[in-house]
Amino acid sequence: MVAVQAKDDMAGLRRVLDEEGKVVPGAEVPNIPEEDLVRIFETLLTVRVMDERMMRLQRQGRLGFYMKAIGEEATALAVYALRGDDWVFPSYREHGAWFWRGYSIESYINQLFGNVDDPVKGRQMPVHHSASEINMVSISSPVGTQIPQAVGTAQAMAIEGTDRCALTFFGEGTSSTGEFHVAMNFAGVARAPVIFLLRNNGWAISVPREKQTAAKTFASKAVGYGMPGVRVDGNDVLAVVKATEEAAERARAGDGPTLIEAVTYRVQGHSSSDDPSAYRDPDEPSEWELRDPVNRYRAYLKSRGIWSESLETEITERLNERITKAIEHATTAAMPDRETLFEDVYESMPWHIAEQRDALLSQPPVKSPHGH
Amino acid sequence: MVAVQAKDDMAGLRRVLDEEGKVVPGAEVPNIPEEDLVRIFETLLTVRVMDERMMRLQRQGRLGFYMKAIGEEATALAVYALRGDDWVFPSYREHGAWFWRGYSIESYINQLFGNVDDPVKGRQMPVHHSASEINMVSISSPVGTQIPQAVGTAQAMAIEGTDRCALTFFGEGTSSTGEFHVAMNFAGVARAPVIFLLRNNGWAISVPREKQTAAKTFASKAVGYGMPGVRVDGNDVLAVVKATEEAAERARAGDGPTLIEAVTYRVQGHSSSDDPSAYRDPDEPSEWELRDPVNRYRAYLKSRGIWSESLETEITERLNERITKAIEHATTAAMPDRETLFEDVYESMPWHIAEQRDALLSQPPVKSPHGH
Amino acid sequence: MATMNIIQAVNSALHIEMARESKVVVLGEDVGKFGGVFRATSGLYDQFGPDRVIDTPLAEGGIIGSAIGMALYGMRPVPEIQFADFIFPAFDQIVNELAKFRYRSGGQYPCPVVIRTPYGGGIRGGHYHSQSPESMFAHVAGLQVVIPSTPADAKGLLLSCLRQNDPVLFMEPKRIYRAARGEVDEGDTTIPLGKANVVREGEHCTLIAYGAMLSVIEEAANKAAEQGIRCEVIDLRTLVPFDVETLIASVKKTGRAVVVHEAPRTCGYGAELVASICERAMEYLEAPIQRVTGFDTPFPYVLEHEYLPNADRVLGAVRETLEW
Amino acid sequence: MATMNIIQAVNSALHIEMARESKVVVLGEDVGKFGGVFRATSGLYDQFGPDRVIDTPLAEGGIIGSAIGMALYGMRPVPEIQFADFIFPAFDQIVNELAKFRYRSGGQYPCPVVIRTPYGGGIRGGHYHSQSPESMFAHVAGLQVVIPSTPADAKGLLLSCLRQNDPVLFMEPKRIYRAARGEVDEGDTTIPLGKANVVREGEHCTLIAYGAMLSVIEEAANKAAEQGIRCEVIDLRTLVPFDVETLIASVKKTGRAVVVHEAPRTCGYGAELVASICERAMEYLEAPIQRVTGFDTPFPYVLEHEYLPNADRVLGAVRETLEW
Ligand SMILES: Cc1ncc(C[n+]2csc(CCOP(=O)(O)OP(=O)(O)O)c2C)c(N)n1
Ligand SMILES: Cc1ncc(C[n+]2csc(CCOP(=O)(O)OP(=O)(O)O)c2C)c(N)n1
Ligand SMILES: [Mg+2]
Ligand SMILES: [Mg+2]
C-alpha cells in the first residue's frame with residue numbers, strides 16, 4: 001500500500017532531472033550560472049551536514065530539540081528563484097532557504113542554543129529562526145499561520161507598486177488547516193503576488209498523506225481558488241527552481257498567485273522527539289532512497305563537469321570545521337540575562353511588566369535545570 | 001458587469017425546468033407523488049407569505065429583526081430528498097426546510113418573538129430556530145460553524161452503521177471560512193455521508209460573489225477534496241431535489257460526501273437591517289425576476305394540471321389566517337421569566353449561577369425597553 | 001469642534017490618519033463601497049480607493065492574518081471585525097501570532113495592527129451580536145486593549161493607536177455608537193493610551209467602568225448623589241496596560257470600589273481590577289470591592305435588559321460597600 | 001491498586017470507558033495507530049478500531065467541530081488537542097458553539113464533548129508548547145474546566161467527565177505526565193467534579209494551585225514548615241465550577257492565601273480566585289492575597305526556569321502575607 005502511494009504521488013510530476021540526474025528529454029532547464037550551481041550544491045550539503053551534526057548533539061543530550069530536513073533539501077531551494085527583496089514565510093523544515101539567502105551557520109547554531117548571540121534572544125525553541133535583514137520571517141510552531149501572513153505581505157507589495165513577491169512554505173499536512181484555505185482564497189481574489197509552496201513529504205508526524213485529503217493531488221486544490229496548481233518533483237532542485245521562477249514571473253507581472261506542490265519524502269522522524277518505526281512501514285524510506293535529491297543533483301553536476309570528489313571534500317571539510325567552531329561558541333557563549341525575559345513584549349515596557357521584572361530581579365537567580 | 005456575472009453563474013447549470021417551468025428536454029424529472037408536489041408548493045408559498053408578513057411587522061417596529069428568503073425558496077427544498085431520520089444543519093435562510101420537515105408556523109413565529117412558547121426560550125435572535133424532534137439543528141449566527149458539525153454527525157451515523165445522512169446549508173460567502181475547508185476535507189477523508197449544500201445567492205451582505213473567490217464556480221471546489229461537485233439551478237425545485245437525491249444515495253451507499261452548488265439570487269436586503277441600494281446596482285434584481293422559483297414551479301404544476309387559481313387562493317388564505325392567529329398569540333403570550341436566564345447553561349445549575357440568579361431575583365424586575 | 005457620535009468620531013480619525021499616512025490600510029467584511037455595516041468606514045473607499053480600503057472574503061482569520069503580513073512589511077493595517085462575537089476564527093492569529101511577533105523575533109518584527117471591532121450588548125443582538133470578550137485578550141501579553149466611551153475619546157484614542165508600534169484591540173461600544181454624542185475636535189488631537197479619565201470626583205466610593213458601562217456608572221453616581229453619596233467615576237479607557245496609579249489613588253481616597261462590565265463575571269476583567277487593587281491598597285479598603293457584571297450565561301435575547309448591569313444594580317453595590 | 005503515571009492513568013480511564021460505553025469515540029491528530037504524541041491514547045486503536053479511534057486531518061477546528069456533531073447525535077467524543085497552544089484554531093467552535101449549544105437550543109441539544117489537552121511549561125517547549133490558557137475558557141459560560149495534578153485524580157476526574165452531560169475542557173499537566181507517579185485504582189473509581197482536595201491542613205496560610213503547580217506549592221509548604229509556618233495546601237481540581245466552600249473555609253481559618261498558576265498574571269485564573277475570596281471573606285484576611293504566576297510575556301524558551309513559579313517564589317509570597 002505504501003509503495004503504491006509513493007508511486008501514485010510520483011505520477012505526472014514535472015521534472016528536469018531523472019533519478020540518475022540526467023536531464024529529462026524535452027525538459028526546460030532553468031538558466032543557472034555555474035557559480036550558482038556550485039553554491040546550490042554547497043547549500044544542499046550544508047543542510048545535510050548540519051542535520052547530522054545537530055542530531056548528534058541532540059542525541060548526546062547537548063541540544064534540546066532538533067528537526068531534520070534530510071531528503072527534502074531540494075525543495076527549500078525554491079528560493080533560488082527569488083530576489084533578495086522578495087519575502088519568505090517559511091515553516092520549520094526549509095533550512096536550505098535560510099542558508100541560501102545568507103543566514104549564517106553561526107546564527108543558525110546560536111539560535112538552536114538560545115544564547116546571547118541567538119538572533120531571537122533565546123526566546124523560541126530550536127529551528128524557530130528569524131532574519132529580517134534578509135526578509136526571512138520569524139517561524140512559529142502553529143502550522144499554517146504564516147500562509148495568510150504571506151498573502152498580506154504580497155498584497156502590501158502590490159499596493160506599494162513594487163514587483164516584489166512573497167513565497168511561503170508549508171507541509172502537506174498543513175494544507176488541512178483553515179489558514180491554508182483562507183490564505184489561498186484571499187490571494188486568488190486579490191491576485192496577490194504570492195507563491196504557495198506545499199512541501200508534500202508524505203507524512204504529518206504519524207499521519208500519512210492519504211488521511212490528510214481525499215484529493216488526488218494537492219496541486220489540484222488550486223482549482224478551487226482560481227489559480228494555477230503545479231506538481232513538481234520536490235527532490236529535483238532544477239524542477240523546483242524552474243516552477244518557482246515561472247510562478248515568480250506571474251506574480252511580478254500582476255497575474256496573481258500560484259500553488260506549487262513539491263513531492264518529496266520525510267526520510268526520518270518528524271523531529272528529534274519522534275520515532276517513526278511506531279507507525280511507518282520500515283521499508284518505505286528505502287523506496288525513496290534512490291530519489292535522494294543530493295545524489296541526483298550531484299550526478300547532474302558531474303555530468304556537466306562541475307562536480308569533483310575534491311570539490312565535495314573541500315566543501316564538507318570547510319563546513320564541518322565552521323560548524324565545529326560555531327558549536328564551540330554556541331555552547332560556551334553566555335545565555336541571555338534574565339531581564340531580557342521582559343523586553344520586546346512591547347516597544348517600551350509598560351509598568352506592569354517592569355514591576356514583574358523588578359520582583360524577579362529581587363530574587364536570587366534560578367539555576368537552569370538544563371545546564372547551559 | 002453585474003449582468004455578465006449573472007449570466008456566467010448561469011452557464012452550465014443543471015436544470016429540470018426552464019424559465020417557463022417546462023421540463024428541459026432530456027432532464028431526469030425526480031419522481032415526486034402529486035400530493036408531495038402540492039405540499040412543496042404550499043411550503044414555497046408559506047415562506048413567501050411568512051416573509052412578507054414578518055417584514056411588515058418588522059417595519060412596524062413590532063418585530064426586532066428578520067431575514068427573508070425571497071427568491072431563494074426553492075433551494076431549501078433540497079430537504080425533500082431526505083428522510084426524517086436524516087439530520088439538517090441549516091444556516092439562517094432556509095425557512096422552507098423547517099416547514100417541510102414539520103416545524104409549525106406557530107413555533108416559527110413564537111421563536112421570532114422569543115415568548116414562553118418559543119422552542120428556544122427567547123434565548124436567541126429571530127430566525128435562530130432549533131427543533132430536535134425533527135432533527136433540525138439549532139442555528140447560530142457565526143457563519144460556517146455548522147459545516148464541520150454536520151460532518152461529525154454524518155460520521156457518527158456511519159460509525160453507528162445506519163444509512164442516514166446529514167445535510168448542511170450555507171451561503172457562498174461562507175465558503176470563504178476556514179470551517180468550510182476543514183469540514184469538506186474531513187468529510188472527504190472519512191467518506192462521511194454528508195451533503196454540502198452551498199446556496200450561491202450572489203451576495204454576502206454587500207460583497208459580491210466575485211470578491212468571495214476567484215474560482216470559476218463554487219462547485220469546482222469539490223475537486224480539492226476528492227468529492228463530486230454539482231451545479232444546479234437553485235431556483236428550480238426539481239433540479240435541487242434531483243441533485244440532492246443523488247447525493248443522498250451516494251451517502252447512504254457509503255460513497256461519501258457531495259458538494260452541491262445551488263445558484264440562486266438574494267432578491268432583497270441581507271436582513272431587515274440592510275439596504276442593498278447602498279451597494280448594489282438597482283437593475284440587478286430585476287434581471288433575476290424571470291427566474292423566480294415560485295413562478296416557475298407554479299407553471300410546472302399548471303402544465304401538469306395540478307395548479308389552479310382556487311388552490312393557490314385556498315392555500316394563501318389558510319396560511320394568512322393561521323399566521324394572523326399565530327402573531328396574535330406570539331405577541332400577547334407571556335415572555336420567559338427572568339429566572340430562565342440562568343437555566344440550561346449546564347444540565348444542573350452550579351452554585352455560582354444559582355448565586356447570580358438569587359442576586360438578580362432579589363432586585364425588582366427591569367422593564368424591557370422594547371415593550372413586549 | 002463639532003458634535004459627533006462615536007461612529008463619526010471613528011470615521012473622522014480614520015480619514016485623518018489615512019490622509020496623513022499612506023501606509024494606513026483598512027480591510028474587512030463590507031468595509032469598502034458599503035462603508036461597514038455600522039458605517040464606520042463610510043467614505044473611505046471613495047476617497048482612498050480599493051487598494052487601501054479592501055473588502056475581503058468572509059474569513060476573520062484571513063483578515064487578521066493578512067493584516068499581520070501587511071504590518072510586518074511596514075504598512076499600518078486597520079482591520080475591522082464586524083462584531084466582536086466573530087473575532088474567534090481569528091483568535092489563533094491574534095493570540096499566537098500578532099501578540100507574539102515582536103517578542104519571538106527578538107524585536108525584529110514589530111506588528112502594529114489596530115483591530116477595530118464593535119462589542120457589547122444592548123442592541124437586541126442575542127448570543128452572537130452582544131459579546132464582550134475583552135478579558136480574554138487582556139490576558140494575552142503583547143496586545144493592548146483600548147475601549148473608548150465617548151466620541152472625543154474614540155477619536156483621540158484611535159489616533160494614538162494608529163501612531164504607535166504595537167498591536168491594539170480597539171473595542172467600540174456599539175450600544176452607544178450613535179447614542180453617545182459630544183463635542184469632538186475636527187482636527188488632529190490625540191488622547192494618550194494608558195491613562196484613565198476621572199470623569200467625576202467623589203469621596204465615598206470609586207466606580208470603575210469602560211465603554212457602554214460608563215453611562216451606567218454615571219447614572220448610578222447621579223442617583224447616589226441624590227442620597228448624599230458622592231461617587232468618584234473613572235473611565236478606564238485602556239485596559240492593557242491600565243492606569244493603576246489613578247485607580248489606587250482613588251481607592252485610597254474613597255476606601256470603596258465597584259467595578260462594572262458587561263462580560264460574564266467569572267474571569268472577567270473585573271477580577272483583575274479587584275485583584276490588582278487589593279494587592280496594592282487593601283489596607284485602605286473599608287469593604288470588599290463589588291463586581292457588577294453580566295452573568296455566567298451566554299448573552300440572552302429577550303432578557304438582555306435583566307442581564308446587563310444597570311444603574312440600580314450599581315447603586316445596590318455601592319450601598320453594599322457603604323453598609324458593609 | 002497499581003503504580004501509574006498521569007499518561008497511564010488517562011489511558012486507563014479511556015480504556016475503561018470505551019469498553020463500557022460504545023458511544024465513546026476518541027479523535028485527534030496522531031491519536032490512532034501512533035497512540036498520540038504523548039502516548040495517552042496508546043492501545044486504543046488496536047482494541048477499539050479505526051471507527052472509534054480516529055486520526056483526523058490536521059485541523060483543530062475540524063476536530064472540535066466534528067466532535068460537536070457527534071455529541072449532538074448522541075455519541076460521547078473525546079477529542080485530543082495535541083498541545084493546548086494549538087487549541088486556538090478551534091476557539092470559535094469551543095466558545096461560540098460547544099459552550100452555547102444547550103442554552104441556545106433551549107435545552108434541546110446537550111453537547112457532552114470532553115476535550116483533552118496537555119498544557120503548561122517545564123518541558124522546554126518555548127512559546128508554543130507551554131501555554132496555560134485556562135482562564136480564557138473559564139470565562140466562557142457553558143464550559144467546565146478540570147485540571148488534575150495526580151495520576152489518581154487524572155483517572156477519577158476523567159471518568160467523571162465522561163459520564164456527565166456537558167462539555168469539559170480537561171487540561172493535563174504535561175510537565176508531570178511521567179514524573180507524577182502514584183497509586184491508582186485499576187478499576188472503575190470516579191472522583192467528583194467541583195470538589196477541591198485539601199492535600200494538607202495548616203493554619204497559617206492557604207496555598208491554592210492546580211495541575212503542575214501543585215507540587216510547587218507542596219514544596220513551598222515543606223520549606224515553610226521548616227520555618228514553623230504551617231500552610232494549608234489545596235488542589236483545586238475543578239476550575240469551573242470551583243469549590244468555593246472549601247476555599248472560603250480554609251481562608252477563614254488561615255486568614256492568608258497565596259494562589260499560584262503558570263499562566264500570565266493579568267486576567268489569569270488567580271485574579272478570579274482573589275476576587276471571589278475577597279468578596280466572601282475579606283473580613284478574615286490578615287493580608288492581601290498574593291498571586292504567584294507566570295509573567296505577562298509570551299512563554300520563553302531558555303529562561304523558562306525563571307518564568308515558572310517555584311517554591312521559593314511561593315515561599316516569598318507566604319512570608320509577605322505573614323509579614324504584612
Ligand atoms: C495548529 C497546529 N496543530 C498541531 C501542531 C502539531 N504538529 C507539529 S508539526 C505537525 C505535522 C505537520 O505536518 P506537515 O504540514 O506535513 O509538515 P512536515 O512536518 O511534514 O514538514 C503537527 C501536527 C502544530 N504545530 N500546529
Ligand atoms: C464568522 C462570521 N463573520 C461575519 C458574520 C457577519 N455576517 C452575517 S451573514 C454574512 C454574509 C454571509 O453571506 P453568505 O454566506 O453568502 O450567506 P447569505 O447571507 O447570502 O445567505 C456576514 C458577513 C458572521 N455572521 N459570522
Ligand atoms: Mg508532511
Ligand atoms: Mg450569499
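Please read all numbers here as calculations on a predicted model, not as lab measurements. Lettering of chains follows the sequences in order, A, B, ..., and the numbering in each one begins at 1.
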Heavy atoms under 4.5 Å from chain B: which residues of residues 53-70 of chain C carry them? C:Asp55, C:Thr56, C:Pro57, C:Leu58, C:Ala59
What residues of residues 308-320 of chain C make heavy-atom contacts with chain B at a cutoff under 4.5 angstrom? C:Asn310, C:Asp312, C:Arg313
Would you check if [X] and [Y] make a side-chain contact, meaning some heavy-atom pair closer than 4.5 Å?
{"X": "B:Thr145", "Y": "C:Tyr128", "result": "no"}
{"X": "C:Leu303", "Y": "B:Thr340", "result": "yes"}
{"X": "B:Pro142", "Y": "C:Phe88", "result": "no"}
{"X": "C:Phe83", "Y": "B:Ser141", "result": "no"}

Contacting moiety of [X], where chain C heavy atoms sit under 4.5 Å:
{"X": "B:Val143", "result": "side chain"}
{"X": "B:Ser140", "result": "both"}
{"X": "B:Asp337", "result": "backbone"}

Which bit of [X] is near chain B, if near means a heavy-atom gap under 4.5 Å: side chain, backbone, both or neither?
{"X": "C:Tyr307", "result": "both"}
{"X": "C:Pro300", "result": "both"}
{"X": "C:Phe295", "result": "both"}
{"X": "C:Thr266", "result": "side chain"}

Check for a donor-acceptor pair, side chain of C:His127 on one end and backbone N or O of B:Arg123 on the other, with a separation under 3.5 Å. yes
Could you have a look at C:Pro89, C:Gly125, C:Gly126 and say which one has the most heavy-atom pairs with chain B under 4.5 angstrom? C:Gly125
Working to the nearest 0.5 Å, report the span between [atom1] of [X] and [atom2] of [Y].
{"X": "C:Tyr301", "Y": "B:Phe113", "atom1": "OH", "atom2": "CZ", "answer": "8.5 Å"}
{"X": "B:Glu339", "Y": "C:Glu306", "atom1": "CD", "atom2": "CD", "answer": "10.0 Å"}
{"X": "B:His270", "Y": "C:Phe34", "atom1": "NE2", "atom2": "CZ", "answer": "9.5 Å"}
{"X": "C:Arg124", "Y": "B:Ser368", "atom1": "CZ", "atom2": "OG", "answer": "5.5 Å"}

Which residues in residues 353-365 of chain B have any heavy atom lying under 4.5 Å from a heavy atom of chain C? B:Ile353, B:Gln356, B:Leu360, B:Gln363, B:Pro365
Closest heavy-atom pair, B:His352 versus C:Asp296, reported as atoms and distance to 0.1 Å, is CD2-OD2, 3.4 Å
Mind jotting down which residue pairs meet the side chain to side chain donor-acceptor pair (under 3.5 Å) criterion with at least one end in residues 80-90 of chain C? Sequence neighbours excluded, please. C:Asp30-C:Gln82, C:Glu80-C:Arg116, C:Asp85-C:Gln131
